[in-house]
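For ligands, and for the atoms within them, numbers begin at 1 and follow the listed sequence.
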Amino acid sequence: MNRFVNKSVLITGGGSGIGLATAKLFISEGAAVSVLDYKVSEALRHLDCDTYQADIRKADQVEEAVTKVIKKKKQIDILVNTAGIELVASLEQTTEDAWDRVLDTNLKGVFLVTRAVLPFLKETHGVIVNTASQLAYVGSALFTAYTASKAAILNFTRSLAIEMAKDGIRVNSVCPGAVDTPLLNRQFENGKTGPQGTIDDLIRMHPIGRLGKPEEIARPILFLCSDDASFMTGSALVVDGGYTSR
Ligand SMILES: NC(=O)c1ccc[n+]([C@@H]2O[C@H](COP(=O)([O-])OP(=O)(O)OC[C@H]3O[C@@H](n4cnc5c(N)ncnc54)[C@H](O)[C@@H]3O)[C@@H](O)[C@H]2O)c1
């Protein structure tokens, strides 16, 4: 398929995991992809895309990167916010710094990037997809900061969808279950058993019986960005192997 020829797509967190898979899929469908990440990963260097190093928690870095994207590409049609971080800690062990790091990345970062890109999406009647989580819907011990940040993304998405409808901009979120990426693997590093026990315990929480693959989230993201989703805005697409159906 070539659904995104002549479309300029900006992906945050495109250096790894779900963002990287999304960048690859957009490129394979003809899009001109720009990636904004604070690390330029080795995988990114081999992709046919432009990369901009910026920390989404910093307004000045975000605005500078978006200005460079516009200078090069002249337009932005699609924004996919995937950059995000995890935190596994009991509330009592959560430091103020750690709380700020999670909320500043997963929530404020989405706000800063979206605010910087909106003027250009108004010109193209563009599309935004935000990456929330299945943990936006349900609680999980040791994930208070993370789940708070992801639940907030759902209502950020809904409110922005209403606000931008008059400009022809659609805004949706995607809610992945556990996906095999560096973020997930960090939770189980060094033999650490993590909040849900072992990785096998986590897998058992997904009725489908396995972890998701990054491409299995990238494909629904591309669907949300495509004309097939033309009547969808303010929605959250749950792609979680049945996790929240239990
Ligand atoms: N992997 C999962 O199981 C899972 C499940 C549900 C939701 N998610 C969400 O999906 C998104 C992508 O997760 P992933 O698993 O692909 O993670 P990942 O760690 O593989 O990739 C995240 C990318 O974001 C970038 N990033 C992080 N903080 C940044 C910052 N401040 N500025 C710029 N870039 C930054 C990282 O450098 C990295 O390239 C995240 O928002 C995550 O919360 C992941």
Looking at ligand 1, does any of its N/O atoms fall within less than 3.5 Å of an N/O of Thr82?
yes
Side chain, backbone, both or neither: which part of Asp55 comes within less than 4.0 Å of ligand 1 when only heavy atoms are counted?
both
Under 4.0 Å from a heavy atom of Ile18: which atoms of ligand 1 are those, numbered in the order shown and with their elements?
10 (O), 16 (O), 44 (C)
Heavy-atom gap Gly109 to ligand 1 smaller than 4.0 Å
no
May I ask whether Ser41 places a heavy atom under 4.0 Å from ligand 1?
no
For ligand 1, which atoms sit closer than 4.0 Å to a heavy atom of Ala178?
3 (O)
For Phe143 against Gln187, the heavy-atom pair lying closest together:
CZ-OE1, 3.5 Å
Proximal ligand 1 atoms for Leu184, defined as those under 4.0 Å from one of its heavy atoms
3 (O)
So, regarding Val179 and ligand 1 (criterion: nitrogen or oxygen to nitrogen or oxygen, under 3.5 Å), is there a contact or not?
yes
Give me the nearest non-hydrogen protein atom to atom 19 (O) of ligand 1 as residue plus atom name, then the distance to 0.1 Å.
Arg186 NH2, 3.1 Å
Give yes or no for whether the N/O distance cutoff of 3.5 Å, strictly under, is met between Asp37 and ligand 1.
yes
So, do Phe4 and Ile27 sit near enough that their side-chain heavy atoms are less than 4.5 Å apart?
no
Among all the protein's non-hydrogen atoms, which is closest to atom 10 (O) of ligand 1, and how far away is it?
Thr131 CG2, 3.3 Å
Using heavy atoms and a 4.0 Å limit, tell me yes or no: is Ala54 in contact with ligand 1?
yes
Which protein heavy atom lies closest to atom 20 (O) of ligand 1, and at what distance to 0.1 Å?
Ser16 OG, 2.6 Å
Taking only non-hydrogen atoms of Gly14, do any sit less than 4.0 angstrom from ligand 1?
no
Which residue and non-hydrogen atom of the protein lie closest to atom 8 (N) of ligand 1, and at what distance in Å?
Tyr146 OH, 3.5 Å
